[in-house]
Amino acid sequence: MSMRDVKVCLLGDSGVGKSSLVMRFVMDQFKPALESTIGASFMTKNLVHGDKTFKFQIWDTAGQEKYRALAPMYYRGAAAAIVVYDVTKESSFHTVKDWVKELHRHGPPRIVLAIAGNKCDLEDLREVSRKDAKDYAEEIGAVFTETSALTAANVPELFSQLATKLPSDVEPANQYRPRSTINIHQQSPERRRRGCCGGGGNSAANSTPESQAFR
Ligand code: GTP
Ligand code: MG
């Protein structure tokens, strides 16, 4: 079975639930009082899909405006980006469009996009219609789904849909390569190839919460 490294980053307004989605996907947990992310955080999770195993290397960015300028460090070299909004917050959907424009201008040329409307459990508070969001996603050729980190609805599906859209011949430039963002020490080429956190040879555990960067 082949193993593919997939660097993916999550973008979107503060409070839309990016970290909660990652926690649901990686650990199948939901913590109601999660702290707002500082800088970014990194986790990995393997997903078996068909005859392939995808090793998702997930950069969960901070949505607060003051961290805005850091985003290029996380989407650079990413094979995929998940742009998240909160279905109960119209303004967060506008921010999605800003991120898509930025990714089109400055992101990796063949980046696969997904739009996730999170908190779909809060139907009574909905401000963004599913149809509007779906139409927009279709227009830009992005994967679309409405998710709930709380109930787990569509969370694994989001990542597997993304996996199916990845081109099979990922260019080396689109593969995960830690750069100046986190590797303070020079790494040997072998180690660099496997990723910064020594992913190779690790046991059966297929989900590894890893360090918080930029503390
Ligand atoms: P930043 O780190 O500041 O960018 O925010 P974030 O996008 O990572 O949001 P976070 O995951 O911290 O969630 C913000 C708040 O929304 C928390 O109180 C979560 O418990 C809540 N939340 C996240 N996902 C859901 C969901 O699917 N449903 C509901 N009802 N609440 C959610
Ligand atoms: Mg967060």
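Each ligand, and each atom within it, is numbered from 1 in the order the structure gives. A quick note: this is a predicted structure, and the numbers were derived from the prediction, not measured. Counting from 1, the numbers follow the sequence of the chain as shown.
A side-chain donor-acceptor contact under 3.5 Å links D60 and S19. Looking only at atom types and distance, the side chain of T145 has no donor-acceptor partner in the side chain of E157 under 3.5 Å away.
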Are there any protein N or O atoms under 3.5 Å from the N or O atoms of ligand 1? List them with distances, or say none.
residue: ligand 1; atom: 2 (O); partner: T37; partner atom: N; Å: 2.8
residue: ligand 1; atom: 2 (O); partner: T37; partner atom: OG1; Å: 2.9
residue: ligand 1; atom: 3 (O); partner: S14; partner atom: OG; Å: 2.6
residue: ligand 1; atom: 3 (O); partner: S36; partner atom: OG; Å: 2.5
residue: ligand 1; atom: 4 (O); partner: K18; partner atom: NZ; Å: 2.7
residue: ligand 1; atom: 4 (O); partner: G63; partner atom: N; Å: 2.7
residue: ligand 1; atom: 5 (O); partner: G15; partner atom: N; Å: 2.9
residue: ligand 1; atom: 7 (O); partner: V16; partner atom: N; Å: 3.4
residue: ligand 1; atom: 7 (O); partner: G17; partner atom: N; Å: 3.0
residue: ligand 1; atom: 7 (O); partner: K18; partner atom: N; Å: 2.9
residue: ligand 1; atom: 7 (O); partner: K18; partner atom: NZ; Å: 2.8
residue: ligand 1; atom: 8 (O); partner: S19; partner atom: N; Å: 2.9
residue: ligand 1; atom: 8 (O); partner: S19; partner atom: OG; Å: 2.9
residue: ligand 1; atom: 9 (O); partner: G17; partner atom: N; Å: 3.1
residue: ligand 1; atom: 11 (O); partner: S19; partner atom: N; Å: 3.4
residue: ligand 1; atom: 11 (O); partner: S20; partner atom: N; Å: 2.8
residue: ligand 1; atom: 11 (O); partner: S20; partner atom: OG; Å: 2.6
residue: ligand 1; atom: 16 (O); partner: K119; partner atom: NZ; Å: 3.0
residue: ligand 1; atom: 18 (O); partner: P32; partner atom: O; Å: 3.2
residue: ligand 1; atom: 20 (O); partner: P32; partner atom: O; Å: 2.9
residue: ligand 1; atom: 24 (N); partner: N118; partner atom: ND2; Å: 3.1
residue: ligand 1; atom: 27 (O); partner: N118; partner atom: OD1; Å: 3.4
residue: ligand 1; atom: 27 (O); partner: D121; partner atom: OD1; Å: 3.4
residue: ligand 1; atom: 27 (O); partner: S148; partner atom: OG; Å: 3.4
residue: ligand 1; atom: 27 (O); partner: A149; partner atom: N; Å: 2.8
residue: ligand 1; atom: 27 (O); partner: L150; partner atom: N; Å: 3.3
residue: ligand 1; atom: 28 (N); partner: D121; partner atom: OD1; Å: 2.8
residue: ligand 1; atom: 28 (N); partner: D121; partner atom: OD2; Å: 3.4
residue: ligand 1; atom: 30 (N); partner: D121; partner atom: OD2; Å: 2.8

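Here the side chain of N118 pairs a donor or acceptor atom with the backbone of A149 at under 3.5 angstrom.
Looking at residues two or more places apart in sequence or on another chain, you find a side-chain contact (heavy atoms from CB on, under 4.5 Å) between L125 and T88, L122. Evaluation of the side chain to side chain donor-acceptor pair (under 3.5 Å) rule for K18 yields no partner, not counting sequence neighbours.
In summary, of the residues considered (K131, R126, K134), a salt bridge (charged side-chain N to carboxylate O under 4.0 Å, His left out) with E146 occurs for R126 alone.
Y67 is not listed as a side-chain neighbour of T61, based on a closest heavy-atom distance of 4.5 Å or more.
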Verdict with supporting geometry, K89 and D13, side-chain contact (heavy atoms from CB on, under 4.5 Å): CA-CA 10 Å; K89 236 178 163 186; D13 271 354; over 6 Å; no

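Classified by interplanar angle (parallel below 30°, tilted 30° to 60°, perpendicular above 60°), the ring pair Y136/F93 is perpendicular.
Here 2 is the count of protein N, O or S atoms positioned under 2.8 Å from the Mg ion (ligand 2), waters not counted.
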